[in-house]
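So that the names make sense, note that chain A is the first sequence line, chain B the second, and so on, each numbered from 1. Given the structure is predicted, the values throughout are model-derived calculations rather than measurements.
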Protein chains: 2
Amino acid sequence: MPASGKAETVSLAKIKIACKQCALRELCLPLGLDESDMKELDNMLKRRRTLKKRDYLYRIGDSLHALYAVKAGSLKTVGLMEDGRVQVVGFHLPSELLGLDAISSDKYTCDAVALEETELCEIPYQALEETAREIPGLQRQLLRIMSRAIVQEEHQLMLLGKMTAEERLAVYLLNLSKRQERLDLPADTIRLSMSRQDIADYLGLALETVSRLFSRFQDDGLISVSGRQIELTDMLKMRQILGQCESIKTGKKCAE
Amino acid sequence: MPASGKAETVSLAKIKIACKQCALRELCLPLGLDESDMKELDNMLKRRRTLKKRDYLYRIGDSLHALYAVKAGSLKTVGLMEDGRVQVVGFHLPSELLGLDAISSDKYTCDAVALEETELCEIPYQALEETAREIPGLQRQLLRIMSRAIVQEEHQLMLLGKMTAEERLAVYLLNLSKRQERLDLPADTIRLSMSRQDIADYLGLALETVSRLFSRFQDDGLISVSGRQIELTDMLKMRQILGQCESIKTGKKCAE
DNA sequence: CGATTTCTTGAATGTAATCAACACTGGTGG
DNA sequence: CCACCAGTGTTGATTACATTCAAGAAATCG
């Protein structure tokens with residue numbers, strides 16, 4: 001283990017804070033990087049991007065230039081079928097990474113669309129790959145992040161393949177709650193940045209079904225709905241909808 | 001570009017053949033490796049494993065020791081819900097890799113079960129990660145493989161979220177056909193190693209629905225069914241079920 | 001060969017989709 | 001500031017697709 005002088009510690013603390021602000025803690029914060037590593041990373045992450053609501057970050061078939069980390073706002077990634085059917089593949093909140101699907105073929109396989117005013121960090125992929133070679137911890141972290149994406153999607157497969165409409169929405173809300181908590185936001189107040197249609201396209205339901213479920217949950221005292229503002233008024237009862245399977249369904253087990 | 005003497009070429013050819021037999025071409029064949037790299041890889045891949053039908057390769061919660069490449073036979077990976085519901089997350093044929101989900105948390109998140117007599121190569125993960133540091137091409141390939149898994153699961157999300165039962169089975173059969181082709185097996189003859197129940201649990205359907213669809217496809221002249229032996233007698237008509245979306249649905253677009 | 005598992009087929013049911021009408025929201029310009 | 005309008009969300013009625021329940025046939029295994 002290398003000795004750590006005071007200068008290094010300070011610098012490290014500084015850059016970690018920067019990284020936290022930049023919402024990239026997913027990628028680099030957990031690492032034990034030395035100062036020069038940090039510089040390299042920092043150089044890579046200079047570029048910013050801002051999107052307005054409905055702007056595309058990238059489209060299906062675009063060449064992979066970069067991965068993106070959400071700094072503020074939110075996006076959806078959407079898979080399309082030529083006959084117009086769409087599947088929302090993911091929602092991306094601050095601190096989360098987009099674009100991993102493009103690594104295999106050098107093309108993005110989904111459209112990525114901002115759901116609101118959104119800020120991102122651009123991570124040029126070529127540079128990231130090269131840097132990962134030099135910084136073992138970064139390589140490791142990158143692999144972990146990709147693996148986590150796989151696990152997350154496996155949960156979604158289970159949701160789409162085996163769960164009722166009611167369960168799907170309960171999972172969805174609890175999952176959003178959990179992700180907010182990680183950002184040090186209140187767990188029981190959710191401001192949805194996506195439409196009912198988006199939620200439906202994510203959960204494999206019709207938008208009317210989603211709307212009805214919001215109403216039913218409200219009638220049952222689980223939530224309080226005011227447009228896109230949701231209060232989780234009875235988390236316990238909400239979890240009971242999921243029976244004993246919370247851990248799998250909300251992603252608790254594999255989220256960390 | 002380094003000069004390549006005769007000795008190196010021969011050795012490289014030899015190991016590539018070994019790798020092909022070992023069904024690991026996914027991982028190392030596309031790389032430009034030099035001789036010492038090859039040795040290192042080869043050392044890593046020494047261990048073999050053989051499973052009988054219904055044997056578990058690993059279970060949910062087991063610690064990640066290794067990734068596995070299927071050499072012969074087939075497996076399913078299964079996600080479980082405590083109340084007994086199951087979702088088959090994937091089927092794994094020769095040349096395909098299992099265990100990527102475990103990298104994020106050091107635990108496998110699915111059960112992996114052999115569907116028949118199955119042979120595998122064990123790839124100790126720790127060693128793989130370290131080797132990937134030293135061989136840039138390997139790191140790159142590993143990232144690509146993981147990205148491809150993500151893309152594949154995204155297709156499955158679309159299938160489960162947006163496709164009819166009929167379309168799901170058509171996609172499934174065409175996908176199997178394509179994977180067989182890649183192994184230099186006939187594209188129009190499929191011997192299913194999985195039960196109707198497994199297929200149903202993969203496609204998010206009831207087993208009766210799957211059974212009925214096989215019958216209907218046969219009545220419509222698309223396939224000829226004899227238990228688990230399927231002949232694709234009219235691929236064209238089968239593709240027409242999918243409308244214009246073949247490329248997405250059969251994985252053609254992103255498989256390579 | 002018998003016994004168990006797997007598969008097929010039929011009938012009834014149910015969950016969520018679709019179709020349809022209306023209400024609310026939020027942004028824009030008069 | 002209000003009215004308007006497009007987009008978004010709610011609710012009801014009907015329909016449809018796939019599930020469930022049930023029974024029997026076929027295949028597989030010991």
Side-chain angles (χ1 to χ4, degrees), chain A residues 52-54 76 83-88 113 115-117 159-173 190-220 223-230 241, chain B residues 52-55 76 83-88 113-117 159-173 190-220 223-230 241:
Chain A
K52 298 192 302 293
K53 189 171 176 175
R54 272 171 250 263
K76 62 177 173 181
D83 63 359
R85 283 180 281 185
V86 304
Q87 174 71 31
V88 171
V113 186
L115 296 169
E116 57 192 315
E117 190 88 11
L159 181 146
L160 292 174
K162 284 279 152 353
M163 288 167 89
T164 64
E166 191 181 49
E167 290 172 319
R168 294 181 199 193
L169 188 61
V171 169
Y172 183 68
L173 293 172
I190 298 175
R191 158 161 239 103
L192 300 170
S193 59
M194 65 293 290
S195 68
R196 301 287 193 266
Q197 181 69 64
D198 287 334
I199 297 172
D201 288 341
Y202 181 62
L203 298 179
L205 301 171
L207 83 88
E208 295 95 325
T209 304
V210 171
S211 184
R212 272 184 252 275
L213 283 169
F214 272 116
S215 301
R216 180 136 57 91
F217 280 3
Q218 182 163 235
D219 292 347
D220 295 351
I223 61 177
S224 160
V225 182
S226 172
R228 295 188 175 184
Q229 190 72 32
I230 312 289
I241 289 180
Chain B
K52 297 191 302 293
K53 190 171 176 174
R54 270 170 251 265
D55 280 352
K76 61 177 173 181
D83 63 359
R85 284 178 281 185
V86 305
Q87 175 70 32
V88 171
V113 186
L115 296 169
E116 57 191 316
E117 191 87 12
L159 181 146
L160 292 173
K162 284 281 152 351
M163 288 167 86
T164 65
E166 191 181 49
E167 291 172 317
R168 293 182 199 193
L169 189 61
V171 169
Y172 183 68
L173 292 173
I190 298 175
R191 157 161 241 102
L192 299 170
S193 60
M194 66 294 288
S195 67
R196 302 287 192 266
Q197 181 70 64
D198 287 335
I199 297 172
D201 288 341
Y202 181 62
L203 298 180
L205 301 170
L207 84 90
E208 295 96 326
T209 304
V210 172
S211 184
R212 273 185 252 274
L213 283 169
F214 273 117
S215 301
R216 179 135 59 90
F217 280 4
Q218 182 164 235
D219 293 347
D220 295 351
I223 61 177
S224 159
V225 182
S226 172
R228 294 188 176 183
Q229 189 72 31
I230 312 289
I241 289 179

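- With the nearest nucleotide of DNA chain D identified for both L205(B) and S226(B), L205(B) has the one nearer the 5' end.
- Rounding to the nearest 0.5 Å places CG of L115(B) at 8.5 Å from CZ of R228(B).
- Looking at the side chain of S215(A), the nearest of the listed nucleotides dT11(D), dC7(C), dA17(C) is dT11(D).
- A salt bridge between D201(B) and K76(B) is absent, with no side-chain N of the basic residue lying under 4.0 Å from a carboxylate O of the acidic one.
- At whole-Å resolution of the value, CD in Q197(A) and P in dG7(D) are 14 Å apart.
- Within the 4.0 angstrom heavy-atom criterion, base atoms lie near S211(B).
- The side chain of R196(A) sits closest to dG9(D) out of dC29(D), dA17(C), dG9(D).
- Contact annotation for R168(A): no contact, since no heavy-atom pair falls under 4.0 Å across all strands.
- In this structure, CZ of R228(A) is placed 10 Å from P of dT10(D), rounded to the nearest angstrom.
- Residue-level contact check: S195(B) touches the backbone only, with heavy atoms under 4.0 Å from sugar-phosphate atoms and none from bases.
- With rounding to whole Å, R216(B) atom CZ is found 13 Å from dG10(C) atom P.
- Side-chain atoms of Q229(B) and S226(B) include no donor-acceptor pair closer than 3.5 Å.
- Side-chain proximity of T164(B) to dA18(D), dT8(C), dT10(D): nearest is dA18(D).
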* Could you please spell out the steps behind the side chain to side chain contact (heavy atoms under 4.5 Å, CB included) verdict for Y202(B) and V210(B)? => CA-CA 11 Å; Y202(B) 181 62; V210(B) 172; over 6 Å; no

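- One interatomic measurement links the two molecules: CD1 of I199(A) to C1' of dA17(C), which rounds to 18 Å at whole-angstrom precision.
- Contact of E208(A) with dC19(C) (side chain to base): a donor-acceptor pair of N or O atoms is detected under 3.5 Å.
- With dT6(C), dG9(D), dT19(D) as the choices, the nucleotide that has an atom nearest any side-chain atom of R54(B) turns out to be dT6(C).
- Nucleotide dT25(C) holds its P atom 15 Å from the CZ atom of F214(A), rounded to whole Å.
- Nearest to the side chain of R212(A), among dC7(C), dG12(D), dG9(D), sits dG12(D).
- The distance from atom CE of M194(B) to atom P of dC7(C) is 11 Å, rounded to the nearest whole Å.
- Between the CG atom of D198(B) and the P atom of dT6(C) there is a distance of 9 Å, given to the nearest Å.
- In this entry the distance linking CG of L192(A) with C1' of dG7(D) reads 17 Å, nearest Å.
- Using a 4.0 Å cut-off between charged side-chain N and carboxylate O, K52(A) and E116(A) make no salt bridge.
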